[in-house]
Amino acid sequence: MNSTVLNSAYTAPILDWYDANARELPWRAPDATPWGILVSEIMLQQTPVARVLPVWDAWMTRWPEPAALAAEPSGEAVRAWGRLGYPRRALRLHESARAITERHGGEVPSSHEDLLALPGIGAYTAAAVASFAFKQRHAVLDTNVRRVLARLLSGDEYPPKSQTKAEVALAESLLPVDPPTAARWAVAAMELGALVCTARTPRCADCPVFDRCAWQRNGRPAYAGPPRRGQTYAGTDRQCRGRILAVLRAAEGPVPKPAIDVVWSDATQRERALDTLVADGLVAPLDDDHYTLPT
DNA sequence: TAGTCGTGGTT
DNA sequence: TAACCAAGACT
C-alpha cells in the first residue's frame, strides 16, 4: 500500500467532517477575493475569529481592493485596525497593499515566493493565501494544524515550542496529491484544530479520527515539556504602547503631549514606549509637541 | 533563537 | 482569578 492510501486514512475522515461542520466565514465564501483572504489571514494572526469579523467587514467595505488602501495614509490603516492588537500588522498590510499596487498591477500575487516577499507575510501566511485563494498545494502549518498533528500522529498533547523541520516534513507527507484537495485539506485540518482538537479542552467525542489518534492510544499523557508561556501583560511596554495608541486612534487630529502623558504614570517607560512607537512608524511626532497617527 | 509585539475572552 | 490562549512575523 502506498503512502497516499495510508494518508487518506487520516485525511478522508477529516475532509468529510469539514464538509459537514465548517463555519461559514466571509473570507471562505465563494465570492471571497484573494485580497479579502489575505486581509483575513493578517488579521487572524494571533487573533480570534470573533474579534476579526466586524473589523474585516468594515475594512473590505472601505478598501475592497489593494489600490484603495494603498492610496490612503498608513495612519488610516492603523485607525481602522481598532483594537485587534499587534498594530504593526496594520502598517505592514498597508505596505503590502502599496507593494501589490506598484509591483503586481494591483492583483494579489499567487506564487508562494511573491507572497513571502510581502511585508508581514511569513511562511504560514504565504502558504495559507496560496492555498485558500489560489487552491495550490502547500503545507499550511499553523498552531491548530501543529497541535492536530502532534496529537494524531506523534501522540503528544502539544507540539514543540518552536516549529521543527520534522513537523514540516510530516505535514508535507500528508498532503493530498490533487492541489484543490490539498487546499481543502489545509483548511479542514485547521478547522478541526479550531473547533474540536482545541488546546485546553479538546472535544474528542466529536472527533472524526478519534479511533486512530496516537495521543488517545497513549492514554492522553499530559504535556511534559517546559512551560509554554511567560510574560504577564500588566505593566509591560506593550500595555503602555497600547494605551498611547488608543489615545491617538480616538482623536480626530494631532494630540498634545500632555493628553498622552496622562495614560501612563511611569515617565521613563512612557517615553520609551512613545519612542518605539515613533520608530515603528505607528506614531508621527509633529514639531509643536503634538503627536498623530502617520499621515 | 529567544524576545518582543496587543487585546480580551475563557477556564 | 490569574493564567492561558487566539489562522505569526520579525529581529
Side-chain angles (χ1 to χ4, degrees), chain A residues 18 22-23 25-28 32 36-56 78 81-93 95-96 115-133 138-148 157-165 167 171 183 186-195 197-203 223 226-249 263 272-273 275-277 279-283:
Chain A
Y18 180 74
R23 291 169 292 180
L25 301 172
W27 45 85
R28 288 183 188 163
I37 291 169
L38 189 159
V39 170
S40 79
E41 287 303 331
I42 302 295
M43 290 184 173
L44 286 163
Q45 290 168 2
Q46 303 286 284
T47 309
V49 166
R51 203 179 310 162
V52 166
L53 281 168
V55 181
W56 184 90
V78 174
W81 197 253
R83 306 189 67 80
L84 283 183
Y86 294 142
R88 292 185 298 187
R89 291 183 293 168
L91 230 40
R92 292 175 182 142
L93 182 52
E95 290 173 38
S96 279
L115 287 164
L116 195 55
L118 296 172
I121 297 190
Y124 161 75
T125 302
V129 172
S131 178
F132 304 157
H138 295 280
V140 181
L141 205 51
D142 79 323
T143 186
N144 287 306
V145 177
R146 294 184 62 217
R147 187 174 56 247
V148 168
E157 184 177 19
Y158 296 119
K161 193 179 180 73
S162 55
Q163 184 176 303
T164 64
K165 291 177 181 175
E167 288 182 270
V187 70
M190 285 177 62
E191 191 77 336
L192 185 69
L195 297 183
C197 196
T198 54
R200 269 191 283 185
T201 312
R203 299 167 174 79
Y223 177 74
R228 311 173 67 239
R229 285 284 171 195
Q231 191 86 15
T232 52
Y233 180 59
T236 60
D237 285 10
R238 297 161 76 178
Q239 184 183 33
C240 182
R241 283 164 55 104
R243 292 248 187 106
I244 293 171
L245 207 55
V247 171
L248 298 184
R249 275 198 313 263
V263 303
R272 180 173 68 234
D275 284 348
T276 63
L277 285 169
D280 285 347
L282 286 163
V283 171

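Because the structure is a prediction, the values reported are computed rather than measured. Lettering follows sequence order; numbering is per chain, from 1.
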So what does [X] touch, heavy atoms closer than 4.0 Å: a base, only the sugar-phosphate, or nothing?
X	answer
A:V52	nothing
A:L91	nothing
A:R147	sugar-phosphate
A:A50	nothing
A:A199	sugar-phosphate
A:G122	sugar-phosphate
A:W27	base

Let me know the distance between [atom1] of [X] and [atom2] of [N], rounded to the nearest Å.
X	N	atom1	atom2	answer
A:L44	C:dG8	CG	C1'	11 Å
A:I42	B:dG6	CD1	C1'	16 Å
A:R88	C:dG8	CZ	P	16 Å
A:L53	B:dG9	CG	C1'	15 Å
A:W56	C:dA6	CH2	C1'	19 Å
A:L84	C:dG8	CG	P	14 Å
A:E191	C:dA6	CD	P	14 Å
A:M43	B:dG6	CE	P	16 Å

If you only use heavy atoms from C-beta on, which nucleotide in [options] is closest to the side chain of [X]?
X	options	value
A:Y124	C:dA7, B:dG8, C:dA6	C:dA7
A:T143	B:dG8, C:dC10, C:dA6	C:dA6
A:R83	C:dA6, B:dG6, B:dG8	B:dG8
A:R241	C:dA9, B:dG6, C:dA7	B:dG6

Ignoring backbone atoms, establish whether [X] has a side-chain N or O less than 4.0 Å from OP1 or OP2 of [N].
X	N	answer
A:Y158	C:dC5	yes
A:R23	C:dA7	no
A:Y233	B:dT7	yes
A:Q45	C:dA7	no

In this structure, which one of A:L44, A:L38, A:V39 forms a side chain to side chain contact (heavy atoms under 4.5 Å, CB included) with A:I42?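 Only one option passes, and that is A:L38.
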
Assess whether side chain to side chain contact (heavy atoms under 4.5 Å, CB included) is satisfied between A:V140 and A:V145, documenting all intermediate values. CA-CA 8 Å; A:V140 181; A:V145 177; 5.8 Å; no

So, taking the atom named OG1 in A:T232 and the one named CD in A:Q239, what distance separates them when rounded to the nearest 0.5 Å?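 Rounded to the nearest 0.5 Å, the OG1-CD separation comes to 9.5 Å.
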
So which one's nearest nucleotide on DNA chain C is more toward 5', A:F132 or A:I121?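 It is A:F132, whose closest nucleotide lies nearer the 5' terminus.
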
Earlier contact from the 5' end, DNA chain C, for A:V187 and A:L118: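 So the residue in question is A:V187.
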
Donor-acceptor pair present, [X] side chain and [N] base, under 3.5 Å:
X	N	result
A:T47	B:dG6	yes
A:R200	C:dC5	no
A:R238	B:dT7	no

What's the verdict on side chain to side chain contact (heavy atoms under 4.5 Å, CB included) for A:Y86 and A:Q45, showing C-alpha distance, side-chain angles and the deciding distance? CA-CA 9 Å; A:Y86 294 142; A:Q45 290 168 2; over 6 Å; no

Is a side-chain N or O of A:T125 found less than 3.5 angstrom from the main chain of A:G122, in a donor-acceptor match? no

If we ignore hydrogens and angles and just use 3.5 Å, is the side chain of A:R147 paired with the main-chain N or O of A:G193 as donor and acceptor?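 Side chain of A:R147 to backbone of A:G193: a pair is present.
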
Considering only atom [atom1], compute the distance from [N] to [M] and round it to an integer number of Å.
N	M	atom1	value
B:dC5	C:dA2	P	23 Å
C:dA6	B:dT1	C1'	23 Å
C:dT11	C:dA7	P	24 Å

Side chains of A:E41 and A:Y124: donor-acceptor distance under 3.5 Å anywhere? yes

Please compare A:T201 and A:R89 by the position of their nearest nucleotide in DNA chain B and report the one closer to 5'. A:R89

Of A:S162 and A:R249, the one whose closest nucleotide on DNA chain B sits nearer the 5' end is A:S162

